[in-house]
Amino acid sequence: MSTQDENREAADPKGPNGDTAPCVRRLAARESDVGGIPVARALPSRKQRRIGAWCFLDHAGPAHFEPGSDGMQVGPHPHTSLQTFTWMIAGELIHRDSLGYEQRIRPGQVNLMTAGWGISHTEASPDGEEQLHAAQLWIALPHDKRHMAPRFDHYPDLPRLSRDHLDLTLLLGEFEGEQAPTLHYSPLMGLDMAWSEAATTELALRTDFEYGILPLEGSLNIDEETFQANELAYLGQGRDRLSLSTGAPGRALLIGGEPMDANITMWWNFVGHSREEVAQAQDDWEAGDARFGEIPKPNRPRMTAPPIPWKRSGHE
Ligand code: MN
């Protein structure tokens, strides 16, 4: 996916970051639009820029399309120094990128695009698609990987666990002895939790990770506080377990990681480790530089970036 959102608040590298102690903070996602689909954007926010290296979290849908609608259509756009991570819950999308990959993603699957030095892609509902429910997250690459060669990976099968009336899918990293195959470059985890009836459980966590949990449907309770869909519960660091209970039915996404000690700048669809890197990426995209390649059969015209505010304001 892509953002036309300027991510202005996230462009300040001195902005707030996480808590080193356990906490429960409520962060309401803000509404946005991606390719014609309403999304709830939980990260970045003014009060929390990242959770580990997870630096962007969009919850798309659940949406049902009118007959004859094009569904979601995100035209050609670039990325740098991040991984786009797409978790499909309902409906399908077709990804096409400048490396030549064309990959349909179905419910229960993950698409992972590692942008590194530069890549461009499109995401589109297939003809006749009637629905979409997905989460797309971005993972900031660490400094020494930020300019790596781009690549694309598809994960059709992920580890599944079932307990306490919860169906768990390990999306990335390790959890309670299971390991997901999903490629990543910093200490990180992601877990989908789905339930059809009220459940109570305890999850094993790592004390060196910070965590957040986002209900996607239904609600859940942590420390006697209730979180509804699209209310991110930021949990801080220092927990070795998390007790929670759920309303029924529902689904939530647990993400965690080692707090990332880097000055990450996010602007439009770019991540950079300095403002200069981001400005260079935008110049290269606008110039049609080979850095971002060409996408076969683009569904839409190339997307254009808004002007960079810190260039516009003359600070650099
Ligand atoms: Mn994208």
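Rounded to the nearest 0.5 angstrom, His165 NE2 and Asp167 CG are separated by 11.0 Å. A distance of 14.5 Å separates CZ of Arg50 from CG of Leu57, quoted to the nearest 0.5 Å. Here the NE2 atom belonging to His133 is positioned 2.5 Å from the NE2 atom belonging to His59, to the nearest 0.5 angstrom.
Take Gln73 and apply the side chain to side chain donor-acceptor pair (under 3.5 Å) test, not counting sequence neighbours, and it matches Asn299. In this structure Asp289 satisfies the salt bridge (charged side-chain N to carboxylate O under 4.0 Å, His left out) test with no other residue, sequence neighbours excluded. Residues satisfying the side-chain contact (heavy atoms from CB on, under 4.5 Å) test with Gln237, not counting sequence neighbours, are Thr20, Glu210, Pro259.
In summary, the aromatic rings of His121 and Phe152 are positioned with their centroids too far apart to meet the 6.0 Å limit.
Among Gln83, Lys145, Arg151, His79, the single residue meeting the side chain to side chain donor-acceptor pair (under 3.5 Å) criterion with Thr114 is Gln83.
Side-chain atoms of Glu176 come within 3.5 Å of backbone N or O of Ala204 as a donor-acceptor pair.
Arg291 forms no cation-pi arrangement with Trp285, by the criterion of a distance under 6.0 Å to the ring centre and an angle within 45° of the ring axis. For the pair Arg26 and Tyr234, the cation-pi test (distance below 6.0 Å, angle within 45°) is failed.
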Query raised in the report: Could you walk me through whether Arg163 and Thr201 pass the side chain to side chain contact (heavy atoms under 4.5 Å, CB included) check?
Result: CA-CA 8 Å; Arg163 51 98 171 264; Thr201 197; 3.5 Å; yes
